[in-house]
Amino acid sequence: MRIDVVSIFPEYLEPLKLSLIGKARQDGLLSLDVHDLRDFTTDRHRTVDDTPYGGGAGMVMKPEPWAQALESVLPPEAERGAAETAGDSRPVLIVPSPAGARFTQAMAYELAEEEHLVFACGRYEGIDERVLDWSRERFDVRPVSLGDYVLNGGEVAVMAMVEAIGRLVPGVVGNAESLIEESHSDGLLEYPVYTKPSSWREHEVPEVLLSGNHGKIARWRRHQQFERTAERRPDLLEEFDATALPGADREAFAQLGYDVVDGRLRRRPEAG
Ligand code: 5OB
């Protein structure tokens with residue numbers, strides 16, 4: 001996979017070159033290049049922003065430096081449009097924005113299959129909208145949000161997305177494990193984990209984990225997943241597919257005040 005990032009703060013992205021992604025880069029599975037948007041300006045002051053048409057607060061990123069930067073990361077014309085009968089072979093342009101679609105693990109899996117990802121980090125109030133229109137003729141453009149909160153720019157969002165996607169790239173160390181982990185998680189939060197010592201500052205490891213009874217441990221962990229998800233992320237239980245839920249799991253959910261109705265979990269009205 002090839003990754004290009006365009007930013008006015010290229011040094012923010014330096015940590016990405018370390019750790020897991022760093023190893024994948026060494027192994028030749030992944031290339032990561034960070035480009036300074038200001039290198040694509042032509043004026044003395046290397047200007048990347050200007051006041052918004054229509055008025056209002058803040059500054060807007062000018063279109064021309066963006067077009068120059070994005071053109072510089074596109075493969076040569078000759079290599080574009082060649083071959084590929086089905087599907088979209090164009091690079092994916094990810095534009096981090098609070099106005100984008102939510103970034104999810106499912107999206108990370110999809111993007112991990114792509115040949116070429118380009119991230120465009122906006123600052124100020126955003127990028128001139130025409131850059132996105134122009135880009136749609138050359139890229140598969142995806143405005144993406146990390147969540148419903150405000151950041152100063154796209155850089156921190158790109159750090160999170162590249163880490164989430166990079167670890168899923170076929171062949172990256174730990175990839176096999178992460179796939180197994182994922183296949184077992186089925187939309188529930190993880191169970192709590194403990195290590196030695198079994199008694200620590202008057203806090204004990206749950207006895208069941210010391211019992212050596214692996215069936216009982218598996219059931220306890222499953223119950224913990226249900227309990228945590230009901231407590232912290234009840235929204236995930238609304239999406240949970242309960243069609244083939246084993247009797248023991250149904251019982252665990254019943255204890256937590258959830259019944260299975262038409263393959264979905266339904267909270268019992270009288271439950272606390
Ligand atoms: N807030 N996701 C949530 C985001 C965001 C802000 C961004 C980019 C992605 O840039 C200002």
Side-chain angles (χ1 to χ4, degrees), residues 1-21 30 32-41 46-70 73 91-112 114 116-136 138-169 189 232-233 235-236 239:
M1 170 183 282
R2 174 182 168 191
I3 299 176
D4 288 289
V5 184
V6 182
S7 164
I8 57 167
F9 294 120
E11 65 277 19
Y12 272 37
L13 286 309
E14 279 299 308
L16 272 183
K17 298 180 180 173
L18 306 168
S19 75
L20 176 97
I21 308 303
L30 209 147
L32 173 66
D33 292 285
V34 184
H35 311 271
D36 187 346
L37 181 67
R38 290 193 200 276
D39 290 346
F40 300 91
T41 58
R46 313 215 318 153
T47 313
V48 292
D49 63 332
D50 207 337
T51 54
Y53 275 118
M59 299 291 269
V60 175
M61 296 192 102
K62 292 167 67 62
E64 189 55 24
W66 274 110
Q68 294 294 336
L70 295 175
V73 302
V92 178
L93 178 63
I94 299 157
V95 186
S97 161
R102 268 293 279 280
F103 183 71
T104 61
Q105 188 65 20
M107 201 187 288
Y109 272 104
E110 279 176 31
L111 294 171
E114 294 288 339
H116 188 189
L117 302 181
V118 181
F119 291 89
C121 299
R123 284 259 152 183
Y124 312 108
E125 300 309 308
I127 304 170
D128 187 308
E129 190 64 25
R130 293 169 295 178
V131 173
L132 280 85
D133 303 333
W134 174 89
S135 296
R136 277 188 264 270
R138 294 153 180 86
F139 298 88
D140 176 6
V141 179
R142 315 260 189 101
V144 177
S145 168
L146 275 199
D148 296 336
Y149 43 83
V150 178
L151 300 172
N152 281 329
E155 285 79 6
V156 167
V158 168
M159 299 265 297
M161 288 189 273
V162 170
E163 182 152 319
I165 297 162
R167 64 189 286 279
L168 300 177
V169 169
L189 301 186
R232 302 178 185 176
R233 293 293 305 278
D235 59 303
L236 292 180
E239 303 299 314

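Sequential numbering from 1 along the given sequence is applied to the chain's residues. As the structure lists them, so they are numbered: ligands from 1, and atoms in each ligand from 1.
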Any salt bridge between Asp36 and Arg38, counting N to O under 4.0 Å?
no
At what distance is the nearest protein heavy atom to atom 3 (C) of ligand 1, and which residue and atom is it?
Gly147 O, 3.1 Å
Ligand 1 contact by Gly122, heavy-atom criterion under 4.0 angstrom
no
Option from Leu93, Val95, Val92, Leu117 for which side chain to side chain contact (heavy atoms under 4.5 Å, CB included) with Arg142 holds:
Val92
What are the two closest heavy atoms between Pro96 and Met161, and how far apart are they?
CG-CE, 3.9 Å
Numbered in order shown, the ligand 1 atoms found under 4.0 Å of a heavy atom of Ala157 are 9 (C)
Heavy atoms only: which of Val158, Leu151, Val156 is nearest to atom 11 (C) of ligand 1?
Leu151
Could you list which atoms of ligand 1 come closer than 4.0 Å to a heavy atom of Ser145?
2 (N), 3 (C)
Please find the pair of heavy atoms, one from Leu146 and one from Tyr149, that lie closest to each other, and give the distance.
CB-OH, 3.4 Å
Can an N or O of Ser97 be found at a distance shorter than 3.5 Å from an N or O of ligand 1?
no
Could you tell me which atoms of ligand 1, counted from 1 in the order shown, lie closer than 4.0 angstrom to a heavy atom of Pro96?
8 (C), 9 (C)
To the nearest 0.1 Å, how far is atom 2 (N) of ligand 1 from its closest protein heavy atom, and which atom is that?
Leu146 N, 2.9 Å
To which protein heavy atom is atom 6 (C) of ligand 1 closest, and what is the distance rounded to 0.1 Å?
Pro98 CD, 3.4 Å
In this structure, which one of Leu16, Leu32, Val73 forms a side chain to side chain contact (heavy atoms under 4.5 Å, CB included) with Ile3?
Leu32
On a heavy-atom basis, which atom in Cys121 and which in Val158 lie closest, and how many Å separate them?
SG-CG2, 3.6 Å
What's the shortest distance from atom 1 (N) of ligand 1 to any protein heavy atom, and which residue and atom give it?
Tyr149 O, 2.8 Å
Nearest heavy-atom pair of Arg130 and Pro63: which atoms, and what distance?
NH2-CG, 4.1 Å
